[in-house]
Amino acid sequence: MNILAPSLLAVDYNNIEANIRLLEESNVSWLHLDVMDGYFVPNISFGEPVIRCIRKITKLYFDVHLMVINPIRYIDDYVKAGADSITVHYEACEDLSATIAAIKAHNIKVGVSIKPDTPVSLLKPYMNDIDLILVMSVEPGFGGQAFMPSALDKLSKLKQMVAQAGRPIDLEVDGGITIQNVKQVIEAGANVIVSGSSVFKGNVVENVERFSNILTEN
Ligand code: DX5
Ligand code: ZN
């Protein structure tokens, strides 16, 4: 089943609750939460206090994407804030195995993300330990960037690696996903689709409906 994970980064921050209600009414089940430290990526977004607040107003599945150096320092905080899954960056971890173990110790889902220049083969040693792989299809740090087609080949390769692993691992794609290119990323192998601007710019309900139609058809 394909899943739409709207990225809150692109929301109108004056109307977070109203927008979350629109997502819920549109049968969205996941919310993608981009945490940026201004160091691993050249931008600062929001962190644990904001996620904790939003947790109080919704039961949506919180898909937390940590774009943070040495994220192992913050795992407990984001679990307490209400994360249902935590995805860390391959490039940001001093000890990825220990970071994965720290997340799994809380009985939540664990994901690993790779930036556009990071080869998929580096994830091979972790295929038995992770629930999700997040392929960045832009350089992480900002919403509204153009999709990098090099992500398609990475998704296809990962789809094969997941099949070889013989266990369920979600393949998530993040960055520049639009109504126009979403079919392509699904065909390449993605089953969790992050979208910020293409969901929150304009009419949220209509945007979600357009995505959902394509996600259920493919
Ligand atoms: C970028 C973030 C994305 C971003 C996607 O570093 O990880 O989740 O919000 O935004 P769009 O869909 O606008 O590219
Ligand atoms: Zn993200």
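Note that these values count all heavy atoms, side chains included, but never hydrogens, waters or copies made by symmetry. Whatever order the structure lists ligands and atoms in, that order sets their numbers, starting from 1.
Checked against the Zn ion (ligand 2), the N, O or S atom of His65 at the shortest distance is ND1. For Asp34, the N/O/S atom at the shortest distance from the Zn ion (ligand 2) is named OD1. Of all N, O or S atoms in Asp174, the one lying closest to the Zn ion (ligand 2) is OD2.
Among protein heavy atoms, the minimum distance from atom 6 (O) of ligand 1 is reached at Gly141 N, 2.8 Å. Scanning the protein for heavy atoms near atom 13 (O) of ligand 1, the closest one is Ser197 OG, 2.3 Å. Among all non-hydrogen protein atoms, the one lying nearest atom 12 (O) of ligand 1 is Gly196 N, 2.7 Å. Of the protein's heavy atoms, Gly176 N, 2.8 Å lies nearest to atom 14 (O) of ligand 1. Of the protein's heavy atoms, Gly143 CA, 3.6 Å lies nearest to atom 10 (O) of ligand 1. The protein atom (non-hydrogen) at minimum distance from atom 5 (C) of ligand 1 is Asp174 OD1, 3.5 Å.
Gly144 counts as a contact of ligand 1, since one of its heavy atoms falls under 4.0 Å from the ligand. Note on ligand 1: Phe142 sits in its first shell, one or more heavy atoms being nearer than 4.0 Å. Taking 4.0 Å as the cut-off, Met136 counts as a neighbour of ligand 1 on heavy-atom distance.
Contact check on Arg21 versus Glu17 returns a salt bridge, with a Lys/Arg side-chain nitrogen under 4.0 Å from an Asp/Glu carboxylate oxygen.
Below 30°, between 30° and 60°, or above 60°: for Tyr126 and Tyr90 the angle between ring planes is above 60°, a perpendicular geometry.
Only the side chain of Ser7 comes within contact range of ligand 1, with a heavy atom under 4.0 Å; no backbone atom does.
Checking side-chain atoms of Glu94 against main-chain N and O of Asn70 turns up no donor-acceptor pair under 3.5 Å. Not one N or O on the side chain of Asn181 forms a donor-acceptor pair closer than 3.5 Å with the backbone of Ile177. One N or O on the side chain of Ser137 and one on the backbone of Gly175 form a donor-acceptor pair closer than 3.5 Å. Within the 3.5 Å criterion, the main-chain N or O of Gln180 finds a donor-acceptor partner in the side chain of Thr178. Side chain of Asp95 to backbone of Ala98: a donor-acceptor contact under 3.5 angstrom is found. Of the possible donor and acceptor atoms, none in the side chain of Asn213 sits under 3.5 Å from a partner among the backbone N and O of Arg210.
Atoms of ligand 1 lying under 4.0 Å from at least one heavy atom of His65, given by number and element, are 7 (O). The ligand atoms of ligand 1 that sit less than 4.0 angstrom from a heavy atom of His32 are 8 (O). Every atom of ligand 1 with a heavy atom of Pro140 under 4.0 Å away is listed here by number and element: 6 (O). Set against the non-hydrogen atoms of Gly175, the atoms of ligand 1 under 4.0 Å away are 14 (O). Heavy-atom contacts of Ser195 reach the following atoms of ligand 1: 12 (O) (cutoff under 4.0 Å). Under a 4.0 Å criterion applied to the non-hydrogen atoms of Met67, ligand 1 contributes the atoms 6 (O), 7 (O). Every atom of ligand 1 is numbered from 1 in the order shown, and the set under 4.0 Å from a heavy atom of Met36 is 6 (O). If you number the atoms of ligand 1 from 1 as listed, the ones under 4.0 Å from a heavy atom of Val194 come out as 8 (O).
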Given the rule in the side-chain hydrogen bond (donor to acceptor under 3.5 Å, both in side chains) test, do Asp34 and His32 qualify, once you have shown the distances and angles that lead to the verdict? CA-CA 6 Å; Asp34 288 304; His32 183 82; 2.9 Å; yes
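Taking distance alone, with nitrogen or oxygen atoms compared against 3.5 Å, Asp34 approaches ligand 1 more closely than that limit.
Annotation for Glu209: atom CD does not count as buried by contact number, only 12 or fewer foreign heavy atoms lying within 6.0 Å. A 6.0 Å sphere centred on NZ of Lys115 holds more than 12 heavy atoms belonging to other residues, nucleotides or ligands.
Atoms CZ and CZ, from Phe62 and Arg55 in turn, are 4.0 Å apart once rounded to the nearest 0.5 Å.
The minimum heavy-atom distance linking Asn207 with Gly202 is given by the pair ND2-C, 4.2 Å.
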